[in-house]
Amino acid sequence: MTNPDDYDPPLAGVRILDLSRGPMTAVGRLLADLGASVTQVHMPGVTEEPDDRLASGAGVDPESVSVAINRYGMKTVVIDLSIPDDRSRWVHLLAGADILIEETPPGSAAEKALAARNIHAEHPGLVILSISDFGRDTSYRGWHATTPVLHALTSELSRSGIPGREPLVPPAAQLPYHVAAAQAAVMTVSVYLDRLRTGEGDLIDFSILDGAMQTLDPPHGTVGTASAGVALSRQRRNWNAERLRYPIIACKDGHVRICLLAKRQWHGMFEWMGRPDEFADPSFDRLKVRLSSPELLAGVGRFCAGQTRAELEVAGQRHGVPTAAVLTLAETLGADQVMSRGYFHEVELSPGITAPVPAGVVEIDGHRANALTRSDRHPRHIDVAPLLAGRDRRNEGLPLEGVRVLDLGVIVVGSDTGRLFGDLGADVIKIENSAFPDGLRGNLTSMSPTYAAGHRNKRSIGIDLRTPRGRALAHQLVAMSDVVLTNFKPGVAETLGMDYQTLRDVNPGVVVVDSSAFGPTGPWAKRMGYGPLVRAAAGFTDLWVYPDEPESFCDTVTVYPDHVAARIGALGALALLLRRERTGTGGSASVAQSEVMLSHLAGEIAAEVLVRRGHESSALPVHDAPWGLFPAAGEDAWLAVTVRDDADWHALCGVIGRPDLLADAQLGTRSGRDAHRGRIDDVVRSWTAQRPATDAMELLQSAGVPAGAVLHADDIAGWDYYVQRRAFREELHPHADEPFTMENVQIHSDRVADPPLIQAPLLGEQTRDIAVELLGLDDADIDELIEAGVLEVPQSAVPAG
C-alpha cells in the first residue's frame, strides 16, 4: 500500500445536498466514502425530523444504528422555507451544489413544498436524484414499500424458503434498500459525469423497487451457473433440488458448502473421496446428473462427517473443489481474513456510543475509500470535463457516450459491470477466448437468455491473452481505452498482463477495476469464490434460516451479492473517471464481494456489539404487527402485509372489515399489537386466504398499507407497474431458439434515453471489425493471427479447409 498522504479521494470536490432519511441515506454514504462532500439538510415541512433515537437514549436498534452509520461525519444544515433569509440561503446552497438527493413522498405536501421540478428549471446544471418507493411517473406512485414488500415484488421471495411454508425474508433488515442505493449511486454519478461534459444537469426519477429488482436477484438478468437454463415458469421453491446445487454438508464441528459445478471440480471431489466405485460412472461428469443425485449428496455427507470445517476447507482447496465453512456472523467478524484487511473501524456514532463500522466497500489505489480516514485536502472543484468533453458523441441521449471499456469480466459480476457501461452508452469490448470461455456462455455457437441479458450492448474480440502477441494486441486496445474490468481470482490478471500495475505503464489514464470474492489481500485472497461460498463464509448463509431452525439454510438459489457487487465496481470506475478529469491520471478500484455483503449487515453488527457493551436495546418491538407473509388464494400464493404504525393499523382494520380490532384497547399501541401478534396474524391470514394476492395487495395499498404479492419470475414482466416503467423488453436473438425477456430502462429522467438495442455477441463476433478499426490490421494480418490462434472469430465464421 502506498503512503496514505498520497491518496486522492476520487469524488473530492463534488458537493452534495442530501434531504433523504431512513435507509436510503445509504446513497450519500457511498458517495461520501468516495470523497464527496455531503451535507445533510433538514427542512421542516419537507423532511422528517432527523433520526436521533441513538443520541436520545431511546435504545439501540439496527435501523437507527444503520442511519447513524450512514450519517457519520456529515455536517447538517437546517433550512426553513417559511423564513426569507433561509429561502435565500437555500438558493445559495443549490447554486453551489452539484447533486441534490431528495425523497419526498409523491403527491405529498412535502413534494409540493420542495418543488424539485422548479429547482431543476432554476438550476439546470444540478443533478437531482429524486427517490421514491414506486417512482413518480406511474399510477403506483402513491404506493408504499417495506423490506418484505420489496422482496415480494422483485420475485426474490418466490425463490426463498421451503415449499408449503411461508417464503423466507432474507437477512439484513434493509437489504433491498442497500442494493437499490448502489444502483442509484451509479446512475447519479454517470449523469453527473455527463453534466461535466454538456453543462446540463438532469432530474432522475428513481424507484426503490426498480433498484431492488435489478440489483438484488433480477429474474430476467444474469443468473448463476447452476440455475442457468431453468425456465422461468419452473422457477419455484424446490428446497431439495436447491440443496443439490450448492450443497451444505454437516461435518464434525458444523457445516461446509461444497460446489461441484465444473467437471474438473467433480473430478477433484472424486479423487478426494478415494475414487469410490459407486460414483465412478462417467455419467457423473454431467452437471445434470450430479444435481439430480441424492445418493451423491449422501455419499459426500458420509465422507465429510468425521472432519472439521477447517480440515475440509484446506483439503477442498488443495483438490480444486470450492469449499467454504458455513460461519456464524460472529465467526466471520473474528476470521483472519476480516481482521487482516482491517475492514471495521471503531467510530463514535453519538457522544459516548462507539461501535465497529465498515471502512467502505471499495479500495481505491490500494486505499480504503471511506470518510473515516479522509484527508483534509480540498481539491479544486471542476465545472467541466476537459478530457471527455472533446469526445465524439452519437447524440443518442446516453451519458457515457465516447467512453471505451475493455471487459474481461466473467460470470455474473463480470457481465453486469460491463453491461451497465454499455447500457449507458459506452463502447464496451469484451475480450475472450474459447480455451477459457465465460462460464455463462454455454454453447459457443448459440445464445442463452442469461448470456444475452448480461452481454447486450457489447462487442466481442477473441484474443488469446496467454500469448505474447495476444497481450500486445490487448495492450494496444488498453492504450485507447478508459476502463478495464476484471473479476479474476487474485493473481490471474497479473499473469495475463492485465493488472493495473502493468496497464498504467501502457496508459497512465486508464481506470482498472478488479472484483473478487474476498479481496486481493489476506489469507483467503486466492480462494475460489462462487457467490454461495462467499455467503457461507461471510455469515449470511447461517442467517438465512427460519427462526429457531438453524439448519434450514435457504440461500441457495439467489445470486446475491453478484449484481450489487457489480454496481460497486461500476461506481468505483465512474468515480475514478471523474477524478481523472481533475488530475489527468487513472487509478484502480478493487471490490471484495464479502465486504459488500458485510456492509449490508452493518446496522445489525454494530447494534449487537453495542448491546453486548451494555447499551440498552430499544424498548419498541422490531416490527409492528402484522408484519410478514400470509397465504393467499391459489397454489403457493403469498402476500406480504406490513403495518408500520398506528395509521397503517387503522387502515388495515378498515380494509379487512374488523372495527372490533380497532376498538380493542389492547391493540392500540405498537407494543400491544406485538404482544398479541399471533391473534392478529390469524385474523389477517383468514382474510388473505380468501383472496388472490394481487387483489388483496391492491385493496391494502389503496388504503395506504404497505403490501406486496409474492410475484414469481414469470409474473414480473407482465405486472402493470413494470409495464408502465418500461422495465423489460422482449428480444429474439438470431442465435437463440425462441424470444426471451430482459431488463430495459436503467435511468428514468428527462435527458437519458432507454438502453441501446445491440444484441449480445458470439465469441469473437466483432474480431475483424475491431482489428481493422482500432488495431489497424488488414485482412492478411487478421487471417494470419487467426491461423496462429492469437485472434479468434466465431466457429461458424472460420473459412473451411
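All values derive from a computational prediction rather than experimental measurement. Only heavy atoms go into these numbers, but all of them, side chains included; no hydrogens, no water, no symmetry mates.
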Any carboxylate oxygen within less than 4.0 angstrom of a Lys/Arg side-chain nitrogen, looking at [X] and [Y]?
X	Y	result
E363	R341	yes
E608	R613	no
R670	D674	no

Could you point out which residue of [options] forms a side-chain contact (heavy atoms from CB on, under 4.5 Å) with [X]?
X	options	value
L571	L34, V361, V591	L34
L157	L711, L150, V710	V710
L19	L100, I79, T39, I101	L100

For S130, side chain to side chain contact (heavy atoms under 4.5 Å, CB included) partners two or more places apart: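 Result, side chain to side chain contact (heavy atoms under 4.5 Å, CB included) vs S130: E102, R136, L203.
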Partner set under side chain to side chain contact (heavy atoms under 4.5 Å, CB included) for A703, not counting sequence neighbours: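 A651, V655.
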I'd like to know if the side chain of [X] and the backbone of [Y] have a donor-acceptor N/O pair within less than 3.5 Å.
X	Y	value
Q701	A707	yes
S599	V596	yes
E595	A592	no

Is it the case that [X] and [Y] place a side-chain donor and acceptor less than 3.5 Å from each other?
X	Y	value
D416	H563	yes
T688	W638	no
E63	Q174	no

Identify, with sequence neighbours excluded, every residue that meets salt bridge (Lys or Arg N to Asp or Glu O under 4.0 Å) alongside [X].
X	value
D137	R725
D98	R15, R195
R673	D624, D646

P176 and H151, any side-chain heavy atoms less than 4.5 Å apart: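 Side chain of H151 against side chain of P176, heavy atoms only: contact under 4.5 Å found.
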Minimum side-chain heavy-atom gap V564-L216 below 4.5 Å: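 V564 does not reach L216 side chain to side chain.
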Residue E48 excluded, over 12 heavy atoms near CD under 6.0 Å: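 At most 12 heavy atoms, drawn from other residues, nucleotides or ligands, come within 6.0 Å of this atom.
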Residues which pass ring-ring contact (aromatic ring centres under 6.0 Å, His included) with Y140, listed by chain and number, not counting sequence neighbours: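 Result, ring-ring contact (aromatic ring centres under 6.0 Å, His included) vs Y140: W143, W719, Y721.
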Heavy-atom closest pair, residues M697 and A709: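 Heavy-atom minimum between the residues: SD-N, 3.3 Å.
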